[in-house]
Protein chains: 2
Amino acid sequence: MSLAETINRPTLHQELVDRIRNLVIEDKLKPGEKVPEKDLCEAFGVSRTPLREALKVLASEGFVVLQANRGARVTHVTRQELADTFPVIARLEQLAGELACVQLSDVDIAAIEARHAAMLAAYKAQDRPAYFQANQDIHQALIQGSQNKILQDHHKLLAARIQRARFMVNLSDDRWAEAIAEHETMMGHLRARDSAQLGQTMKTHIENKFAAFINGIDAEKGG
Amino acid sequence: MSLAETINRPTLHQELVDRIRNLVIEDKLKPGEKVPEKDLCEAFGVSRTPLREALKVLASEGFVVLQANRGARVTHVTRQELADTFPVIARLEQLAGELACVQLSDVDIAAIEARHAAMLAAYKAQDRPAYFQANQDIHQALIQGSQNKILQDHHKLLAARIQRARFMVNLSDDRWAEAIAEHETMMGHLRARDSAQLGQTMKTHIENKFAAFINGIDAEKGG
DNA sequence: GAATGTAATTATGAATTCATAATTAAGTCA
DNA sequence: TGACTTAATTATGAATTCATAATTACATTC
């Protein structure tokens with residue numbers, strides 16, 4: 001352990017970027033909604049300057065759109081954006097899987113194994129929140145395991161942008177079973193350190209997730 | 001054609017983001033160098049507010065780093081960043097190739113064919129600037145041809161960030177010949193609309209480009 | 001009563017101002 | 001001479017102010 005934690009006093013705008021991004025991800029600020037500078041300034045107790053700086057950054061990240069003299073609005077997660085994003089995430093996770101297979105230590109893999117077991121337990125118990133958490137932990141561990149900072153940064157941004165769509169549709173029983181099976185396959189490849197196969201399976205896993213997602217949207221719209 | 005073009009009057013900060021980013025890409029502002037607000041304000045004839053907004057955005061894009069109370073510095077393009085970025089770009093171009101193969105019209109492909117011919121001519125004439133331009137046009141056309149906005153945005157950002165490293169090493173005769181051969185293969189797959197093969201070749205093409213790049217750096221360092 | 005034009009209000013883009021952290025320069029003592 | 005203090009200067013983060021674009025409310029005309 002190091003002697004002291006690095007002093008972490010972010011500037012106001014850095015803090016605000018994170019806070020407001022979370023408001024968007026958590027659906028507290030809803031798509032299409034105007035982001036009123038005045039109200040947020042009061043809510044956060046800051047002046048307009050750092051808040052406006054934060055909005056510029058969030059705009060470059062794609063969470064809001066700015067219109068000159070008309071302020072910021074939360075962006076919609078369109079079906080087209082989802083259709084464009086999932087394939088890119090799939091390729092990033094494929095690459096992450098290939099790299100993680102080589103980079104991860106046996107201890108790291110054991111930790112993932114534990115989360116995998118927790119995920120299976122959550123499935124058996126039909127505990128969706130626990131499943132989602134374990135599932136995300138596993139994917140996150142593999143992304144981190146890639147040791148590739150660029151990959152991590154871009155994945156994080158894309159994941160955050162589409163996470164808002166998670167309310168659009170529920171996980172079906174069929175898809176849940178399928179996802180569990182895919183994770184079993186992934187785990188097998190990771191144990192065998194078969195990087196090409198792990199990558200391929202992760203790519204397909206994300207592609208299938210997207211397909212199920214689209215099916216879910218259409219089903220709800222039709223029903 | 002629509003009745004009218006959308007009015008495009010960018011705000012100062014949007015203009016400044018582009019201008020300063022270009023200064024960094026064109027190596028006018030060099031890695032490690034401090035970005036003095038005062039001087040840039042005078043140079044661009046704007047106040048500090050929009051300039052500082054622009055710096056926040058450029059920081060989120062990775063072109064500068066901000067240190068609280070110590071301002072902005074241009075980021076270094078480290079070898080690690082190159083090593084992390086090329087594989088990601090390779091996967092993005094692979095995906096782009098697969099999609100473009102399906103999406104591009106015959107007319108689009110004919111246009112790429114023309115740029116390909118221009119590239120070959122530049123090679124025969126040993127005209128490096130003309131080669132680089134035609135080469136970039138071809139890759140750009142394929143990225144655009146993917147019709148995937150997310151892919152395009154992320155590719156653009158990554159390409160811009162590493163473009164600054166182009167001065168680090170020269171294109172060797174061997175690598176040039178190899179690159180030409182790879183482009184011939186790509187063109188063949190595009191003509192045949194073999195998306196998997198085009199994607200695979202584009203991925204390998206970028207990976208080889210990176211390998212040559214690293215060799216070039218090591219050679220210059222050793223010599 | 002709907003449509004158009006005008007005034008009042010509000011919100012936003014940008015400049016300026018202010019407080020303070022960093023940096024530099026000057027001074028002091030061993 | 002050189003390390004350490006301390007004062008002066010500079011640069012930066014953030015608040016405030018200002019000018020103007022957008023919006024709303026209201027009036028007027030047909």
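Each chain gets a letter, A, B and so on, in the order its sequence line appears, and its residues count up from 1. Everything numeric in this text was worked out from a predicted model, so none of it was measured. Keep in mind that the numbers below use all heavy atoms, side chains included, and drop hydrogens, waters and symmetry copies.
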**Q.** Basic-acidic side-chain contact under 4.0 Å: B:R91, A:E98
**A.** yes
Q.
Any salt bridge linking B:E33 with B:K28? Criterion: basic side-chain nitrogen under 4.0 Å from a carboxylate oxygen.
A. no
Q: Return the nearest nucleotide to the side chain of B:R52; candidates are D:dA22, D:dA15, D:dG13.
A: D:dG13
**Q.** Polar side-chain contact A:S47-D:dA14 base: donor and acceptor under 3.5 Å
**A.** no
**Q.** Closest to side chain of B:R70, choosing from D:dA11, C:dT23, D:dG13
**A.** C:dT23
Q: Give the nucleotide from the list C:dA15, C:dG13, C:dA21 with an atom nearest to the side chain of A:N69.
A: C:dG13
Q: Nearest whole angstrom, please: distance from the P of D:dA11 to the CD of B:Q67.
A: 17 Å
Q. What integer distance in Å separates B:L55:CG from D:dT12:C1'?
A. 12 Å
Q. What's the NZ-P distance between A:K34 and D:dA22, to the nearest Å?
A. 13 Å
Q | Atom-to-atom span, CG of A:L16 to C1' of D:dA14 - whole angstrom | A | 11 Å
Q | Polar side-chain contact A:R48-C:dG13 base: donor and acceptor under 3.5 Å | A | yes
(Q) Ring centres under 6.0 Å, that's the criterion: do B:H139 and B:H183 meet it? (A) yes
**Q.** Interatomic distance where NZ belongs to A:K38 and P belongs to D:dA22 [whole Å]
**A.** 20 Å
**Q.** Neighbour count above 12 (heavy atom, 6.0 Å) for A:R166 CZ
**A.** yes
